[in-house]
Amino acid sequence: MSKVENISEEKEVLDQGENLLSKLALEAELADYSPVKGCMVIRPYGYAAWEQVRDALDKMIKDTGHQNAYFPLFIPESFLKKEAEHVEGFAPECAVVTYGGGKELEEKLVVRPTSETIINYMFSKWVQSYRDLPLLLNQWANVVRWEMRTRLFLRTTEFLWQEGHTCHATKEEAEEETIKMLGVYKKLSEEYLAIPIVDGLKTESQRFAGAVTTYCIEGLMKDGKALQMGTSHYLGQNFAKAFETKFQDQNGELQFVHQTSWGVSTRLIGALIMTHHDEKGLKFPPRIAPIQIVIVPIYKTDVEKEMVLKKCKELEESLKENFRIKIDDRDQYSPGWKFNHWEFKGVPIRLNLGPKDISNNVVEIVRRDTLEKLRGIPQEGLLQYLIKLSTEIQENLFRQANDFKNKNTEFVASEKEFIEKITTTPGFLVSFWCGSSSCEDHIKEKTKATIRCIPFNTPDCQNIPVDQMKKEGYCIVCNKDAKQKVIFAKAY
RNA sequence: CGGGGCGUGGCUCAGCUUGGUAGAGCAUCUGCUUUGGGAGCAGAGGGUCGCACGUUCAAAUCGUGUCGCCCCGACCA
């Protein structure tokens, strides 16, 4: 068994602010280090969480008219070079295969860092007429990016993700798609992961290599650092031109398609960990939790054991249609041990069931989000009670995270104030920015904070009510006129 | 690639300064008692101390080299 079971270990988990992510991920058995540096093994419990995210998102992707497909892992090196910005952005972090079948390859193969190029190669064959558009595809895949520094779930050399790739006849339609899918990500994050986000536009320096515009959703982790949780790109005709992805329009004219691409990854599991946890461990939101309800039987004698387990199985039967549920009937652990164990693993609801409960026809329920103990809940109508409770926990986790985000989002009007805030209380800082990359770089060099995005809507701020925030102001760095507010933060 | 730290039973670490037969806690196994918030007692198994070379009568300990990992910076979903 894992070391979670050791009290001193758990205390260690609490103390290590910096290592919290890896501690939680390792001790809760979500992931483990692999023999290859920078890579991780996703263990069954962690993978089950990813499957929940994946299934929820997959449905939304299909509901918005996309189809899944699969493109190969290997990309001819020449493909990557076709789009100038793209190759410049990705070349340094590409893994390249030079040998196969015992021979040096004639053309090197890049292990995909993302699939725009190979997909466009195929698109150019498939798209002929305006009648072939829009072409709306998605793929679930692994990608490899040779990062210098890695962290479990947040940045690993290989990671799992989905990448959507679409072709449209017009700029407007492609831009609409870009925003639509960003909205899907926002919904996934807020309604399933219970993580509030800020959505907006990336500045030029943070734009995807090869895109015209990049939009993103940004979350604020419990340690005050921002995390980019998803991106959606309007690619314009950049890749279409590089790969000759053209169609004949209604007038018989040949046109380049307008494209989008968008993705979220296993990083979302990292976001989940870094958003929902306390000193007792993880807190899974019910809609994503691999196990939503755990039943802990309590008994002394063999006779009691038999009776209690029978009742547990009855309850499981009556609930399993609606919940992912598990009975922890292991004999070698005491009930108290199991309470702590499942709390650490973040199971949202626990049912304690012992002889006393059985004779009273009740159960004891403990909710993970508040650790509140609900005694004497009637077995009659339990299903409805749990459905309601589950919704409540889901909403409460979002509310807590949202309160945290709002409390740690502040407006600053000057560089001096900015520096003071970012060093003392990390979080989102909203401020005016003139739009020049030199001012952006200046802040980055001084504070390590970057512009996370130009938000669609100014987020609620701790110190200034939204309705009082001005539309125009002065850049915190150069003091020139600024017509936009941006969100700064230190980021993962 | 720079700076810092660490490699000793499954896990967390002590021992190293000042060389002299490898330790603790947790975990595991057996037995009995236990079980509503991390159970107790008794017993047992398990490590050529990352690797290599060197110094020495003798190396976990000293020296040189090497490999790996973690943390901090430069790159990024």
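Sequence lines set the chain letters: A, B, ... in the order given, protein chains first and strands last, and positions in each chain run from 1. This one's a predicted model, so the numbers in the text were calculated from it and none came from an experiment.
When side chains are defined from C-beta on, A:L282 counts as touching A:L30, because their heavy atoms get closer than 4.5 Å. A 4.5 Å side-chain heavy-atom check between A:L351 and A:I365 finds at least one atom pair inside the cut-off. Contact of the A:Q162 side chain with the A:V264 side chain is registered, since non-hydrogen atoms from C-beta on lie closer than 4.5 Å. A heavy-atom distance below 4.5 Å is found between the side chains of A:P459 and A:V430. In this structure, the side chains of A:K345 and A:V294 stay at 4.5 Å or more apart for every pair of heavy atoms.
A distance of about 15 Å separates the C1' atoms of B:U61 and B:G7, rounded to the whole Å. Distance noted for atom C1' between B:A58 and B:U18: 16 Å (whole Å). Spacing between B:U64 and B:U28 at atom P, rounded to whole Å, works out to 42 Å. Comparing the same atom, P, in B:C26 and in B:G65 gives a spacing of 41 Å after rounding to whole Å. If you take atom P in B:C51 and the same atom in B:G10, they sit 13 Å apart, rounded to whole Å. Of the P atoms belonging to B:G25 and B:A14, the separation is 16 Å, rounded to the nearest Å. Taking atom C1' in both B:G47 and B:U12, the straight-line distance is 15 Å, to the nearest Å. Separating the C1' atom of B:G19 from that of B:A60 is a span of 10 Å, rounded to the nearest Å.
Rounded to whole Å, atom P of B:U12 lies 10 Å from atom CG of A:L26. A straight line from CH2 of A:W262 to P of B:A77 spans 18 Å, rounded to a whole angstrom. Atom pair A:H165:NE2 and B:A77:C1' shows a separation of 13 Å (rounding to whole Å applied). Atom pair A:M40:CE and B:C70:C1' shows a separation of 17 Å (rounding to whole Å applied). With rounding to whole Å, A:K490 atom NZ is found 19 Å from B:C76 atom P. Atom C1' of nucleotide B:G73 and atom CZ of A:R155 are separated by 13 Å, given to the nearest angstrom. Between the CZ atom of A:R151 and the P atom of B:C71 there is a distance of 7 Å, rounded to whole Å. Put simply, CD on A:E27 is 10 Å from C1' on B:U12, counting in whole angstrom units.
Counting heavy-atom neighbours within 6.0 Å of A:Y121 OH, excluding the residue itself, gives a total of 12 or less. Within 6.0 Å of the CH2 atom in A:W146, the count of heavy atoms belonging to other residues, nucleotides or ligands does not exceed 12. The number of heavy atoms from other shown groups lying within 6.0 Å of CG (A:D302) does not exceed 12.
Residue pairs meeting the salt bridge (charged side-chain N to carboxylate O under 4.0 Å, His left out) criterion with at least one partner in residues 353-363 of chain A, sequence neighbours excluded, are absent.
In this structure, A:L227 reaches neither bases nor backbone, as no heavy-atom distance under 4.0 Å exists between it and the strands shown. Counting non-hydrogen atoms under 4.0 angstrom, A:T156 reaches a base of the nucleic acid.
Centre separation under 5.5 Å together with a plane angle under 30° does not hold for the ring of A:W161 and the six-membered base ring of B:A77, so they are not marked as stacked.
Residues A:F123 and A:F243 place their aromatic rings such that the two centres sit no closer than 6.0 Å. In summary, the aromatic rings of A:F239 and A:H86 are positioned with their centroids under 6.0 Å apart. Ring centers of A:F284 and A:Y45: under 6.0 Å apart, within the cut-off. In this structure, A:F208 has its ring center under 6.0 Å from that of A:F90.
With the nearest nucleotide of RNA chain B identified for both A:V36 and A:T231, A:V36 has the one nearer the 5' end. Projected onto RNA chain B by closest heavy-atom contact, A:G38 and A:Q228 fall at different nucleotides, the more 5' of which corresponds to A:G38.
Where RNA chain B pairs in unbroken runs of 3 or more (Watson-Crick or G-U, both distances under 3.5 Å), the stems are B:1-7 with B:67-73, B:10-13 with B:23-26, B:28-33 with B:39-44, B:50-54 with B:62-66.
For A:K37, taking side-chain heavy atoms from C-beta onward, the closest of the listed nucleotides B:C70, B:C76, B:G37 is B:C70. Checking B:C76, B:G37, B:A77 against the side-chain heavy atoms of A:R267 singles out B:A77 as nearest. In the set B:U28, B:C75, B:C70, the nucleotide with an atom closest to the side chain of A:Y333 is B:U28.
Proximity of residues 192-215 of chain A to RNA chain B (heavy atom under 4.0 angstrom from any strand atom) is not detected for any residue. Contacts between residues 297-315 of chain A and RNA chain B, counted as heavy-atom distances below 4.0 Å, involve A:I298, A:Y299, A:K300. Heavy-atom distances under 4.0 Å link RNA chain B to A:N352, A:G354, A:P355, A:K356, A:D357, A:E364, A:V366, A:K373 of residues 352-379 of chain A, given in residue order.
Figure legend: cation-pi geometry between A:K225 and A:Y492, with NZ or CZ positioned under 6.0 Å from the six-membered ring centre and within 45° of its axis. Both tests pass for A:R350 against the ring of A:F339: distance under 6.0 Å to the centre and angle within 45° of the axis.
Of the residues A:R207, A:H233, A:K202, the one that meets the side chain to side chain donor-acceptor pair (under 3.5 Å) test with A:T214 is A:H233.
The aromatic rings of A:Y215 and A:F456 lie tilted to each other, with the angle between the two planes from 30° to 60°.
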Evaluate A:K311 against A:E314 for salt bridge (charged side-chain N to carboxylate O under 4.0 Å, His left out), listing each step before the verdict.
CA-CA 5 Å; A:K311 191 70 201 176; A:E314 275 177 40; 3.2 Å; yes

Report all interatomic pairs (protein N or O, nucleotide N or O of nucleotides 39-41 of chain B) with separations under 3.5 Å.
from: B:A39; atom 1: OP1; to: A:S334; atom 2: OG; distance (Å): 3.2
from: B:A39; atom 1: OP2; to: A:S334; atom 2: OG; distance (Å): 2.7

